[in-house]
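One structure, pasted below without further comment.
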Amino acid sequence: MGLEHRGVTIWLTGLSGAGKSTITEALERKLRACGCKLEVLDGDIVRTNLTKGLGFSKEDRDENIRRIGFVSHLLTRNGVIVLVSAISPYRAIREEVRGRIGDFIEVYVSAPLEVCEKRDVKGLYKRARSGEIKNFTGIDDPYEPPLDPEVNCETHQETLDESVGKVIAKMEEMGYLPAQTAIAAS
Ligand code: ADP
């Protein structure tokens, strides 16, 4: 018997290299170990199927997020915990998706651009700086930070465990997970 929980979308937004995927993977491991019903929608993977063909103009980025939001909504209302990891640079579309889903926790995963660029996990900043990639968020494309996210993870000054702990604590506080210490300890 898995842990009793409610459906919710955990939406991780932030610059490339900020730590969205790393936090998502750690959260996934932890929640699966407790038997939660869970699905992960990773921006990079989604772009190879659900939103294949979309580019990086504002219109296409918004459409990408709208489709991810649509699927998240279907899952969330069926009791699934949905982890979305996507840069999702525009505030208005994030707010639109939040409004539609309702059960929604926005996690702003942040680190200064210099830190993300130094990490350069996928080598994309280098390619953006050299001009090989255009419209790269943070370099020559905008990122609009959330104004009032439920959770702030500042990954340049906290450990991965601390970041994950903050999200779990917020899920408990908002009643999506039963308040207990079992998850923290697992
Ligand atoms: P994104 O998915 O946002 O593009 P990644 O998760 O791929 O970013 O990369 C983030 C990098 O930052 C990883 O190399 C990770 O090990 C590192 N990192 C350092 N501290 C943290 C933290 N507290 N949370 C998440 N990632 C962190």
Side-chain angles (χ1 to χ4, degrees), residues 9-33 38-52 54-56 58 60-62 64-65 67-69 71-72 81-91 93-94 97-98 104-130 132-147 149-172 183-186:
T9 291
I10 314 288
W11 193 285
L12 295 96
T13 173
L15 293 176
S16 178
K20 301 178 299 296
S21 304
T22 307
I23 294 171
T24 297
E25 281 162 24
L27 269 173
E28 180 182 11
R29 266 198 307 278
K30 204 158 225 187
L31 293 168
R32 279 205 199 283
L38 190 102
E39 202 55 69
V40 175
L41 297 175
D42 177 284
D44 290 341
I45 296 170
V46 165
R47 275 187 176 275
T48 67
N49 43 71
L50 180 67
T51 62
K52 193 170 177 170
L54 292 178
F56 293 88
K58 177 165 191 314
D60 278 11
R61 285 178 185 271
D62 281 352
N64 181 43
I65 296 310
R67 288 191 206 170
I68 294 173
V71 175
S72 302
I81 296 173
V82 188
L83 306 179
V84 176
S85 168
I87 297 174
S88 39
Y90 294 107
R91 196 176 288 139
I93 188 77
R94 291 196 307 266
V97 167
R98 169 199 286 280
F104 191 88
I105 295 178
E106 188 174 36
V107 181
Y108 178 31
V109 183
S110 70
L113 177 64
E114 308 79 70
V115 174
C116 297
E117 196 165 351
K118 197 153 170 246
R119 288 176 180 161
D120 212 2
V121 189
K122 300 171 205 145
L124 295 174
Y125 282 99
K126 193 156 172 266
R127 293 171 62 196
R129 286 290 184 197
S130 73
E132 191 191 324
I133 303 177
K134 298 259 181 281
N135 305 113
F136 193 72
T137 302
I139 305 293
D140 57 354
D141 221 47
Y143 179 79
E144 300 172 355
L147 297 177
E150 278 74 12
V151 183
N152 264 298
C153 293
E154 296 179 300
T155 63
H156 56 300
Q157 51 187 20
E158 64 193 48
T159 65
L160 176 58
D161 273 0
E162 284 172 328
S163 301
V164 170
K166 283 182 178 179
V167 179
I168 298 279
K170 183 56 75 175
M171 291 174 78
E172 291 180 355
I183 285 205
S186 69

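All ligand and atom numbering here is 1-based and tracks the order in the structure.
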Worksheet item: Heavy-atom contact under 4.0 Å between Leu15 and ligand 1?
Response: yes
Worksheet item: Which atoms of ligand 1 are found less than 4.0 Å from any heavy atom of Lys122?
Response: 4 (O)
Worksheet item: Does a donor on one side chain sit under 3.5 Å from an acceptor on the other, for Arg119 and Thr155?
Response: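 The criterion, which ignores hydrogens and geometry beyond distance, is satisfied for Thr155 and Arg119.
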Fill in: Donor-acceptor pair between Arg61 and Thr137 side chains, under 3.5 angstrom
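Looking only at side-chain atoms, Thr137 and Arg61 do form a donor-acceptor pair, the distance falling under 3.5 Å.
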Worksheet entry | ligand 1 contacted by Val109 (non-hydrogen, < 4.0 Å) |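 No, that is not the case, since the closest heavy atom of the residue is not under 4.0 Å from the ligand.
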Discussion item. Considering both backbone and side-chain atoms of Gly17, is one of its nitrogen or oxygen atoms within less than 3.5 Å of a nitrogen or oxygen in ligand 1?
Written reply: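 Yes, Gly17 has an N/O under 3.5 Å of an N/O on ligand 1.
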Discussion item. Taking 4.0 angstrom as the limit and counting only heavy atoms of Thr155, give me the atoms of ligand 1 inside it, by number and element.
Written reply: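 Per the distance check, 20 (N), 21 (C), 22 (C), 23 (N), 24 (N), 25 (C).
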Worksheet entry | Over all atoms of both residues, closest heavy-atom pair of Arg94 and Pro146 |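 Answer, listing the atom of Arg94 first, then Pro146: NH2-N, 3.3 Å.
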Worksheet item: In the protein, which heavy atom is nearest to atom 5 (P) of ligand 1, and how far is it?
Response: Thr22 OG1, 3.6 Å
Worksheet item: Regarding Arg47 and the six-membered ring of Phe56, is the cationic atom NZ or CZ under 6.0 Å from the ring centre and inside 45° of its axis?
Response: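 The answer is yes, since Arg47 meets both limits relative to Phe56.
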Discussion item. To check your reading of the model: name the closest protein heavy atom to atom 19 (C) of ligand 1, its residue, and the distance in Å.
Written reply: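 Protein heavy atom with the smallest distance to atom 19 (C) of ligand 1: Arg119 NH2, 3.5 Å.
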Worksheet entry | Note, Arg67 side chain near Leu54 side chain (heavy atom, < 4.5 Å) |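 They are in contact (side-chain heavy atoms under 4.5 Å apart), so the answer is yes.
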Practice prompt. Would you check if there is a donor-acceptor pair between the side chains of Ser110 and Glu154 at a distance under 3.5 Å?
Written response: no
Worksheet item: Does the salt bridge (Lys or Arg N to Asp or Glu O under 4.0 Å) test come out yes or no for Arg129 and Glu117, once each step is laid out?
Response: CA-CA 10 Å; Arg129 286 290 184 197; Glu117 196 165 351; 2.6 Å; yes
Discussion item. Any nitrogen or oxygen of Glu158, side chain or backbone, less than 3.5 Å from one on ligand 1?
Written reply: yes
Worksheet, complete the sentence: for atom 8 (O) of ligand 1, nearest protein heavy atom and its distance come out as Gly19 N, 3.1 Å
Discussion item. Which residue and atom name correspond to the protein heavy atom nearest atom 9 (O) of ligand 1, and how close is it?
Written reply: Val121 CG2, 3.3 Å
Discussion item. As an exercise, identify every atom of ligand 1 less than 4.0 angstrom from a heavy atom of Ser163.
Written reply: 23 (N), 24 (N)
Practice prompt. Apply the side chain to side chain donor-acceptor pair (under 3.5 Å) test between Thr13 and each candidate in Tyr90, Tyr108, Tyr143; give the one that qualifies.
Written response: Tyr143
